[in-house]
There are 2 protein chains.
Amino acid sequence: MHFKIIFVKLVSTRYNISSMDKARVASLIERIGNLLRSEERASGSDSGLQTVHVQILGYLSQCNRYSNTPAAVTEFIGSTKGTTSQSINILEKKGFINKRSDEEDGRVIHLDLSDKGERFIKNEFPPYEFKAALDGLNKNDTERLSQLLTKLLIQLQRKNNGKLFGVCHTCRHFKKFGLDDTHQCGLTLEPLSEKESYQICREHVQLPEKAV
Amino acid sequence: MHFKIIFVKLVSTRYNISSMDKARVASLIERIGNLLRSEERASGSDSGLQTVHVQILGYLSQCNRYSNTPAAVTEFIGSTKGTTSQSINILEKKGFINKRSDEEDGRVIHLDLSDKGERFIKNEFPPYEFKAALDGLNKNDTERLSQLLTKLLIQLQRKNNGKLFGVCHTCRHFKKFGLDDTHQCGLTLEPLSEKESYQICREHVQLPEKAV
DNA sequence: ATTAATAGTATCGATTCGATACATATTATG
DNA sequence: CATAATATGTATCGAATCGATACTATTAAT
């Protein structure tokens, strides 16, 4: 069975993006997000986890060592502190994460995935159907999609809360990989070159002096 | 208006996409979706609407005349019939939509946006911050993003429930615009050329005989 | 005619969510 | 140093959502 998919590109002479296009992008993200949520519900139900819990575990598996706190999780989920606190307690009680208080700041708590949590993420995140769907795209498309979503996210965050400027290297969202020389912003998940990591970032949140 | 047709063939890539890349795309969509939701919550609160209600109104403003039913809304939201029925009742009680029963099928109900609903969508969907963020991308990026998300959505739907093949023209998701000659699939939101609308679509759901 | 399937509604219990209030630790200000 | 302001996290409560189940009505299949 052979298949060909045909796309029609709309080239208009006008410069601004039509209101229709914007609504379409919004609806697409909502629909895909909804599908993702329902897949997460299914994959989490075996372990007695709700979709929010799966989302939190997925986030914790990706963020850097400065972003694995309840506050950062709250920001990611877009909920309130109280609600997030409950979800985290459930995850701890079920043995998916461990709490560890910060040595420098007594208020801060770090959330580490336990072995059980790591195993869950490895098997269940992203949900199988989502991984399979991404296999249906080629590598180029996936990377481009990732880039464009990152770009959109940066714009969104810029509109939502005007964060300060700063250099990634001194930002609490900055993440350095161990294996190769690549860096990554833990908030936007945007890959950064060595050079970029010393450039100005609008999403910058200053790291406490001591830790730099 | 000018149109260009581009043929894209699905080729299996030699290098598969890393598990890390997939997780990043999933997290990006979740995070953007969460931001969108919280913006919708804000924009709906003035009218006493919850995020789900705003999502439903947004969907109804975009779907074709065969897809404005409670069942289609249920599929879009990814919830259950009962839950969606409640949300729809609230929207009706608040005067954002009108129910209208199908002339051909006594079981089916169509949901039309009222003037109040149309006004709400015009002002509040997508939320202001999201529109502003999309203005931060250029037109090319926005179109490419829309294409890639559509492609991903098609793959996801293919994995989730193996819909039957069929011709768009006889599909209940098929949508014909009034102004120009463009067509659109109401489910994937993918723009279709006149020619394509007679081609096979994997997402096809057969339209009742009478309506064709 | 009988059975199965589809579209939609109603109800119930569990869970989540957002808001508020609170406790503790750090930082800023004077 | 003292005090206020800020930041991180927790606890609690009521409202709303959600998923499941059961149900009605209409259409389709046999």
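Quick note on labels: first sequence line is chain A, next is B, and so on, each numbered from 1.
A:K99 has a side-chain polar atom (N or O) that falls below the 4.0 Å cut-off from OP1 or OP2 of D:dT10. Listed pair A:K81 / C:dA21 fails the phosphate criterion, with no side-chain N or O lying under 4.0 Å from OP1 or OP2. Under 4.0 angstrom from either OP1 or OP2 of C:dG8 there lies no side-chain N or O belonging to B:N89.
Here D:dA11 presents its C1' atom at 13 Å from NZ of A:K93, a figure rounded to the nearest Å. Between the CG atom of B:L111 and the C1' atom of C:dT9 there is a distance of 13 Å, rounded to whole Å. One interatomic measurement links the two molecules: CG of B:D102 to P of C:dG8, which rounds to 9 Å at whole-angstrom precision. Summarising the geometry, the separation between CG on B:L49 and P on D:dA16 is reported as 13 Å, rounded to the nearest angstrom.
For B:K81, the salt bridge (charged side-chain N to carboxylate O under 4.0 Å, His left out) criterion is met by no residue, not counting sequence neighbours. Applying the ring pair (Phe, Tyr, Trp, His ring centres under 6.0 Å) test to A:F120 and every residue at least two apart in sequence or in another chain returns A:F96. Residues meeting the side-chain hydrogen bond (donor to acceptor under 3.5 Å, both in side chains) test with B:T51, sequence neighbours left out: none. Residues that satisfy the side-chain hydrogen bond (donor to acceptor under 3.5 Å, both in side chains) test with B:Q55, not counting sequence neighbours, are A:N34. Scanning for salt bridge (charged side-chain N to carboxylate O under 4.0 Å, His left out) contacts around A:K131 gives an empty result, with sequence neighbours left out. With sequence neighbours excluded, no residue forms a side-chain hydrogen bond (donor to acceptor under 3.5 Å, both in side chains) with B:R41. In terms of the salt bridge (charged side-chain N to carboxylate O under 4.0 Å, His left out) criterion, A:R119 has no residue partners (sequence neighbours excluded).
Axis angle across the helix from C:dA1-D:dT30 to C:dG30-D:dC1, with five pairs used at each end and values rounded to 10°: 30°.
Between the side chain of B:R107 and the base of C:dT6 there is at least one donor-acceptor pair of N/O atoms closer than 3.5 Å.
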Review item, nucleotides 17-20 of chain D N/O atoms under 3.5 Å of protein N/O:
from: D:dG19; atom 1: OP1; to: A:R41; atom 2: NE; distance (Å): 2.8
from: D:dG19; atom 1: OP1; to: A:R41; atom 2: NH1; distance (Å): 3.1
from: D:dG19; atom 1: OP1; to: A:R41; atom 2: NH2; distance (Å): 2.4
from: D:dG19; atom 1: OP2; to: B:S79; atom 2: OG; distance (Å): 3.1
from: D:dG19; atom 1: N7; to: B:T83; atom 2: OG1; distance (Å): 2.7

